Amino acid sequence: IYRETGPVPVKLRDLVKRYATPATSARHYMGLTRTCYQKDIVGSPRKTGFGDEDVLVNRKKYLYALRGSIAIAWVRRYNDVPPMSMPALLGHDVVPMDLRPKITEILHQKATMGEYMKGSREPAFDAFIEDQIEWVRAQGLETVEPAPGFREEANDLLLTTLGVRG
């Protein structure tokens with residue numbers, strides 16, 4: 001939830017509070033992380049011309065993949081639904097200490113340099129992201145289904161918010 005105006009954020013939080021579990025959270029974040037990582041990091045076609053290790057990737061996309069991975073790490077450590085904000089996630093011991101300064105640096109760069117900042121791949125980030133994805137698979141959480149009623153309520157909230165259903 002990025003913008004806290006109107007009744008929708010309150011309704012979304014209520015929906016999450018009633019339906020989210022550690023398992024469904026891990027599955028959700030694994031899907032987001034895997035898609036972003038595979039498409040925008042591993043599959044990034046832009047190269048600097050100096051070899052495969054010099055693939056340039058969008059730093060914002062790295063943050064998306066890292067955010068999902070950190071949420072999965074939260075589930076691993078606390079067996080609880082992770083908080084939604086990156087600062088709340090980073091405020092706990094779920095990210096290896098050697099990654100924290102680089103994540104903070106990229107967050108700062110994104111805030112000051114814009115959405116399309118590019119940089120080299122980070123092997124330590126890749127290893128962390130891949131480890132979280134593999135953990136979800138190893139736990140069998142990749143196929144966890146949402147609780148009965150969740151999809152219907154979520155779709156109803158979406159359609160009501162869009163004014164399609166009143």
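Computed from a predicted model, the values in this text were never measured in an experiment.
Residues passing the side chain to side chain contact (heavy atoms under 4.5 Å, CB included) test with Asn79 are Pro22, sequence neighbours excluded. Residues passing the ring pair (Phe, Tyr, Trp, His ring centres under 6.0 Å) test with Phe150 are Tyr19, sequence neighbours excluded.
Side-chain contact check for Thr24 versus Thr21: some heavy-atom pair is nearer than 4.5 Å. By the 4.5 Å heavy-atom criterion applied to side chains, Val95 and Leu89 are not counted as neighbours. Between Lys61 and Tyr37, every side-chain heavy-atom pair lies at or beyond the 4.5 Å cut-off. Put simply, the side chain of Arg100 reaches to within 4.5 Å of the side chain of Met97, judged on heavy atoms. Inter-residue side-chain proximity for Leu157 and Leu12 is flagged as met; some heavy-atom pair is nearer than 4.5 Å.
Of the possible donor and acceptor atoms, none in the side chain of Thr35 sits under 3.5 Å from a partner among the backbone N and O of Leu32. No donor-acceptor pair under 3.5 Å is formed between the side chain of Arg67 and the backbone N or O of Thr33.
At a threshold of 4.0 Å, the pair Asp131-Arg76 counts as salt-bridged, since one of the basic side-chain nitrogens sits closer than that to a carboxylate oxygen. Ion pairing between a basic and an acidic side chain is recognised when a charged N comes within 4.0 Å of a carboxylate O; Glu122 and Arg59 show such pairing.
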Worksheet item: Passes side chain to side chain contact (heavy atoms under 4.5 Å, CB included), Leu107 versus Leu90? Steps please.
Response: CA-CA 11 Å; Leu107 284 167; Leu90 291 173; 3.8 Å; yes

Item to complete: Using the side chain to side chain contact (heavy atoms under 4.5 Å, CB included) rule, take Arg121 and Val42 through it: C-alpha gap first, then chi angles, then the decisive distance, then the call.
Response: CA-CA 9 Å; Arg121 297 230 352 228; Val42 174; 4.1 Å; yes

Practice prompt. Before giving the answer on side chain to side chain contact (heavy atoms under 4.5 Å, CB included), spell out for Val81 and Trp74 the whole-Å C-alpha distance, their side-chain angles and the decisive distance to 0.1 Å.
Written response: CA-CA 8 Å; Val81 175; Trp74 178 283; over 6 Å; no

Practice prompt. Take Asp40 and Val57 through the test side chain to side chain contact (heavy atoms under 4.5 Å, CB included) and record every step on the way to the result.
Written response: CA-CA 7 Å; Asp40 298 314; Val57 296; over 6 Å; no

Discussion item. What verdict does the side-chain hydrogen bond (donor to acceptor under 3.5 Å, both in side chains) test give for Asp126 and Tyr62, after you've listed the backbone C-alpha separation in whole Å, the side-chain angles of each residue and the deciding distance to 0.1 Å?
Written reply: CA-CA 9 Å; Asp126 293 348; Tyr62 243 138; 2.6 Å; yes

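Val136 approaches Ala26 most closely through the heavy-atom pair CG2-O, 4.0 Å. Tyr29 and Gly68 get closest at one heavy-atom pair: CB-O, 3.7 Å.
For the atom pair CD1 (Ile133) and CD1 (Ile72), the distance works out to 6.5 Å, reported to the nearest 0.5 Å. A distance of 14.0 Å separates CD1 in Ile70 from CZ in Arg77, rounded to the nearest 0.5 Å. Considering OG of Ser25 and CE of Met30, their distance stands at 14.0 Å, rounded to 0.5 Å. Note that CE of Met86 is 11.0 Å distant from OH of Tyr64, once rounded to the nearest 0.5 Å. Note that NZ of Lys11 is 10.0 Å distant from CG of Asp14, once rounded to the nearest 0.5 Å. Separation of atoms CZ (Phe128) and CD1 (Ile103) is listed at 6.5 Å; rounding is to 0.5 Å.
Linking Ile, Leu, Val, Met, Phe, Trp and Tyr residues whenever their side-chain heavy atoms come within less than 4.5 Å places Phe125 and Ile41 in a single cluster.
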Pair up each side-chain donor or acceptor in residues 139-148 with any protein partner under 3.5 Å, not counting sequence neighbours, and list the distances.
unit_1, atom_1, unit_2, atom_2, d
Glu142, OE2, Arg34, NH1, 2.6
Glu145, OE1, Arg151, NH1, 3.4
Glu145, OE1, Arg151, NH2, 3.4

